[in-house]
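Structure first, then comments.
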Amino acid sequence: MATAKEAQANIGVVGLAVMGSNLARNLASRAGNTVAVYNRTYEKTDTLVSEHPEAGFVPSKSLQEFADSLRRPRAAIIMVKAGAPTDAVINQLVEVFEPGDIIVDGGNALFTDTIRREKAVRETGINFVGTGISGGEEGALKGPSIMPGGSAEAWETLGPILTSIAAVAEGEPCVTHVGTDGAGHVVKMIHTGIEYADMQLIGEAYDLIRRGTGKSPAEIADIFEEWNRGELESYLIEITAEVLRQVDAETGRPLVDVILDQAGAKGTGAWTVQTALDLGIPVSGIAEAVFARSLSSKPDQRAAASGLPGPAEEWTVDDPDGFVEDVRRALYASKIVAYSQGFDEIVAGAEQYGWDIKKGEIAKIWRGGCIIRAQFLNRITDAYEENSGLVALLTAPYFREALTGAEPAWRRVVIAAVQGGIPAPAFSSSLAYYDGLRADRLPAALTQGLRDFFGAHTYKRIDKEGTFHTLWSGDRTEIEGVDTH
Ligand code: 6PG
């Protein structure tokens, strides 16, 4: 048997918790790959290697040994907790790697950290590639969607390796070189933001149907199963049916009724919104999803507010089948808004950071392996292929038509939610965004007037060039002005 000292592996994995182990097993299962593995505590390495002799892993007890076991240019994927643990491993790898080698961070790093790390590592001559990997534990094992950033040089070596393990959708691997430095991680971050919005919309749809029609979770599971055969077909719709159908073994009740209704979050959704705020991009669907999770997780406030008045009468719908169809359409329309907003953020990020991100390619690599994989992504690719300069995804002909078909139902659902006292923040904010975007005139004109009144912030006019200020505390004539505040 070869020892770890021989440079025999073409790829390495550092960090062998579930995601790292599964990714290492996936790599090892593809022809042509020999995988070096390393974990801070050797016990985990030992367990992985002994449980999977078929993988032919090359284990190491130290990072020096790990580096020695890799062929040049060395390439190693770090799968450790985002933040300080990632920095620690990078620093250690830099010590044992050489110029031309490649360090890949496959964790959910904040893209600005990736930009910083890439810059620092580049100075040593080593390539640093931040890559988004989506698909959870199963995706890592069987084929994730992979969103690598980093240099073109690194992509030459990494491309074939990552392609070998990526999911395949309609014959195409779900991986592409997204752009330099933080581009991969920003795209993964926004993917997860959209995942938040998708899940919130699904939750609102379920809640409205349940409370409006009195259907049981199992009956609603049937509805989602049905929806999954149409334009909403997606992984999240599919697993919603599975979760709703699950019965708790201990109590015999639907599992969804015994799960505490406080949603957790690791922070990626919040990053997506924070970044969007910095870029000036309204991602209201994603923001509402993040806030809805925060609200759910405030038990003291919720308990204190639980006696506040709601609608006087119990709310039910007259035509349950019609209502379910309305909710389906509202869900589809709101989903279009969430994706349109997410792609706006990708475009703005690319512009700000100088990345050449191909929007159609991103939609393509999200078609398989990742959490938001959906039939619908083909339509996004088509939209950008037809018009790469599309200013808002929701205005592409296919989506315009879909929104036109859904719009009356969307309004009925939001009205029903308001009348029934049922929170539907993502449905209603998506509709408000849609109405805002399509409006001929917005009250932003009044906002400008108010800003000028109290702060002399000036305004522009619809009928002539220039910047103006009204002498509000004087004779109220208008002068040309400059915002000096
Ligand atoms: C994925 C997921 C995954 C995880 C997110 C969100 O694409 O595989 O996005 O990365 O679900 O980190 O997790 P939270 O819901 O805990 O924030």
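One-based numbering, in listed order, for ligands and for the atoms of each. One-based numbering along the sequence shown.
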Below 4.0 Å, non-hydrogen atoms only: which portion of Arg293 touches ligand 1? Side chain, backbone, both or neither. side chain
Name the closest protein heavy atom to [atom], giving the residue it belongs to and the distance to 0.1 Å.
{"atom": "atom 12 (O) of ligand 1", "answer": "Asn108 ND2, 3.3 Å"}
{"atom": "atom 17 (O) of ligand 1", "answer": "Tyr196 OH, 2.5 Å"}
{"atom": "atom 13 (O) of ligand 1", "answer": "Lys266 NZ, 3.9 Å"}
{"atom": "atom 7 (O) of ligand 1", "answer": "Ser134 OG, 2.4 Å"}
{"atom": "atom 3 (C) of ligand 1", "answer": "Lys188 NZ, 4.0 Å"}
{"atom": "atom 2 (C) of ligand 1", "answer": "Glu195 OE1, 3.2 Å"}
{"atom": "atom 8 (O) of ligand 1", "answer": "Gly135 N, 3.0 Å"}

Would you list the pairs meeting salt bridge (Lys or Arg N to Asp or Glu O under 4.0 Å) in which at least one residue belongs to residues 82-92, sequence neighbours left out? Asp87-Arg116, Asp87-Arg117
Hey, could you give me each pair passing salt bridge (Lys or Arg N to Asp or Glu O under 4.0 Å) that has a residue in residues 258-282? Not counting sequence neighbours. Asp261-Arg302
Aromatic plane relationship, Phe66 with Tyr38 - under 30° parallel, 30 to 60° tilted, over 60° perpendicular: tilted
Using a 6.0 Å cut-off, check whether atom CZ of Arg30 has over 12 heavy atoms from anything other than its own residue. yes
Quick check: Tyr353 with Phe111 (ring centres under 6.0 Å apart)? yes
Considering the heavy atoms of [X], write down every atom of ligand 1 situated less than 4.0 Å from one of them.
{"X": "Ala265", "answer": "16 (O), 17 (O)"}
{"X": "Thr268", "answer": "12 (O)"}
{"X": "Thr192", "answer": "5 (C), 6 (C), 9 (O)"}

Cation-pi, Phe343 ring and Lys359 (6.0 angstrom, 45 degrees): no
With a cut-off of under 6.0 Å to the ring centre and 45° to the axis, is Lys335 in cation-pi contact with Phe376? yes
N/O separation below 3.5 Å, Gly136 to ligand 1: yes
Would you mind checking if Glu172 and Arg367 are paired as a salt bridge, meaning a charged N to carboxylate O distance below 4.0 Å? yes
